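A quick write-up on the structure given underneath.
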Amino acid sequence: MPSRRKYLIAVLIALFWAGAMLAAFWWFEARYLRTFEGERAELFSGDRLRLPAELQGPGPVRFVHFWDPGCPCNVGNQQHLEELLKRFQGQAVEFYEVRKPGSNGRLPKPLASLKPLNNLEGSEQLPASPAVGIWDQSGELVYIGPYSEGAVCSSDNSFVEPILDAVLAGRTVRATHSLAVACFCDWQQ
């Protein structure tokens, strides 16, 4: 085979490979990547939020993690949630999770101990996620809102640890309306 023909075949193979890689990239981008707004302000209100009947009333502190599997804000949040699970392990705190309606996905293995709540009355009114709801030992909602303020969520800037500590110590907390600027994704469809 002449060298010119070998060169032509090599160029065609390279062009085919480059085209296939470009098509794969566009497919991946269209399927998994979406526009992201970053930090924004959201107002959370717990007026309509109710635990299921079997969880209402006196009991342990109930911690509910609201999340959307497709939200890029979950990445940092999940590490923080794992730290919360470790810190409050063995204390009178039960951890639950509510996944955005209509979404598919699972929490990573370290968070598998969160109990799923499929029907939490009022959760459809949440403006954004990730978010957290905390109910005290009497079953009253004491906090609804983000884990922290800012682009990333960690125990360094968290609202959640001080609230859990206060509730576990028997102090009264009422933060059922909050406005925060953080990394959020839309909850309502």
Side-chain angles (χ1 to χ4, degrees), residues 42 44-69 71-101 103 105-123 125-185 187:
E42 289 293 346
F44 289 85
S45 171
D47 293 338
R48 296 186 183 160
L49 212 52
R50 303 281 179 270
L51 286 170
E54 64 273 10
L55 296 178
Q56 291 179 4
V61 173
R62 278 125 303 180
F63 180 104
V64 179
H65 170 62
F66 298 93
W67 71 291
D68 173 3
C71 180
C73 299
N74 283 323
V75 176
N77 176 267
Q78 289 174 348
Q79 176 63 37
H80 182 208
L81 185 54
E82 186 179 344
E83 292 169 8
L84 285 167
L85 286 170
K86 288 177 184 170
R87 177 173 175 193
F88 292 98
Q89 184 177 13
Q91 297 187 43
V93 180
E94 288 186 1
F95 288 86
Y96 298 90
E97 57 103 356
V98 174
R99 189 178 64 218
K100 180 179 178 177
S103 65
R106 285 188 234 154
L107 288 168
K109 202 168 207 120
L111 302 178
S113 64
L114 271 72
K115 301 168 192 161
L117 290 176
N118 296 323
N119 188 16
L120 188 66
E121 184 181 330
S123 64
Q125 300 297 319
L126 287 177
S129 73
V132 62
I134 300 173
W135 282 259
D136 66 11
Q137 295 92 334
S138 66
E140 294 294 317
L141 179 67
V142 298
Y143 177 75
I144 183 67
Y147 281 78
S148 64
E149 192 164 71
V152 287
C153 179
S154 72
S155 55
D156 294 336
N157 65 349
S158 174
F159 302 138
V160 177
E161 283 92 338
I163 290 171
L164 282 172
D165 288 336
V167 170
L168 288 169
R171 294 193 305 269
T172 302
V173 176
R174 293 288 176 251
T176 58
H177 295 81
S178 59
L179 175 66
V181 176
C183 181
F184 293 121
C185 292
W187 182 262

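Here the structure is a predicted model, which is why all the values come from computation and not from measurement.
Between Ala131 and Ala128 the shortest heavy-atom distance is CB-O, 3.8 Å. Nearest heavy atom pair, residue Ala166 against residue Val173, reads CB-CG2, 3.7 Å.
For Phe44 and Phe184, the ring centers sit closer than 6.0 Å to each other.
Judged by distance alone, with hydrogens and angles left aside, the side-chain atoms of Arg99 form no donor-acceptor pair with the main-chain N or O of Pro69 at under 3.5 Å. Of the possible donor and acceptor atoms, one in the side chain of Gln56 sits under 3.5 Å from a partner among the backbone N and O of Leu51. Under the 3.5 Å distance criterion, the side-chain polar atoms of Trp187 are matched with a main-chain donor or acceptor of Ser123. With Gln137 contributing its side chain and Val167 its backbone, the two residues share a donor-acceptor pair below 3.5 Å. A donor-acceptor pair under 3.5 Å is absent between the side-chain atoms of Asn74 and the main chain of Pro130, judged by distance alone. Side-chain atoms of Thr176 do not come within 3.5 Å of backbone N or O of Ile144 as any donor-acceptor pair. A donor-acceptor pair is defined here as one N or O able to donate and one able to accept, closer than 3.5 Å; no such pair exists between the side chain of Arg48 and the backbone of Gly46.
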In sequence, state the C-alpha distance, the side-chain angles, and the governing distance for His80 and Glu161, and then conclude on side-chain hydrogen bond (donor to acceptor under 3.5 Å, both in side chains). CA-CA 10 Å; His80 182 208; Glu161 283 92 338; 3.0 Å; yes

Could you give me the CA-CA distance, side-chain angles and deciding distance for Val98 and Leu126, then say whether side-chain contact (heavy atoms from CB on, under 4.5 Å) is met? CA-CA 11 Å; Val98 174; Leu126 287 177; over 6 Å; no

Let me see the working for Asp47 and His177 under side-chain contact (heavy atoms from CB on, under 4.5 Å), right down to the final yes or no. CA-CA 8 Å; Asp47 293 338; His177 295 81; 2.9 Å; yes

Go through the steps to decide whether Asp165 and Gln91 satisfy the test side-chain contact (heavy atoms from CB on, under 4.5 Å), and finish with yes or no. CA-CA 11 Å; Asp165 288 336; Gln91 297 187 43; 5.7 Å; no

What's the verdict on side-chain contact (heavy atoms from CB on, under 4.5 Å) for Ile134 and Phe159, showing C-alpha distance, side-chain angles and the deciding distance? CA-CA 11 Å; Ile134 300 173; Phe159 302 138; over 6 Å; no

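Considering only heavy atoms from C-beta on, Val142 comes within 4.5 Å of Arg174 through its side chain. Annotation: side chain of Tyr147 is in contact with side chain of Leu84 (closest heavy-atom distance under 4.5 Å). Side-chain contact between Pro127 and Ser45 is absent, with no heavy atoms from C-beta onward closer than 4.5 Å. Put simply, the side chain of Val132 does not reach to within 4.5 Å of the side chain of Ile163, judged on heavy atoms. Counting heavy atoms from C-beta on, the side chains of Leu120 and Tyr96 never come closer than 4.5 Å. Phe88 places none of its side-chain heavy atoms less than 4.5 Å from the side chain of Val61.
Between the OG atom in Ser113 and the CD atom in Glu94 there is a gap of 11.0 Å [rounded to 0.5 Å]. Rounded to the nearest 0.5 Å, atoms CD (Glu97) and CG (Asn118) are 8.0 Å apart. Between the CG atom of Leu111 and the CG atom of Leu81 there is a distance of 5.0 Å, given to the nearest 0.5 Å. Atoms CZ and CG, on Arg62 and Leu117 in that order, are 11.0 Å from each other to the nearest 0.5 Å.
A disulfide is not assigned to Cys185 and Cys73, since their SG atoms are no nearer than 2.5 Å.
In Arg87, the CZ atom is crowded: over 12 heavy atoms of neighbouring residues, nucleotides or ligands sit closer than 6.0 Å. Heavy atoms from other residues, nucleotides or ligands lying under 6.0 Å from CD of Gln89 number 12 at most.
Of the options Ser178, Cys183, Ser129, a side-chain contact (heavy atoms from CB on, under 4.5 Å) to Pro146 is made by Ser178 and by none of the others.
Using cut-offs of 30° and 60° on the angle between ring planes, the pair Phe63 and Phe95 is tilted.
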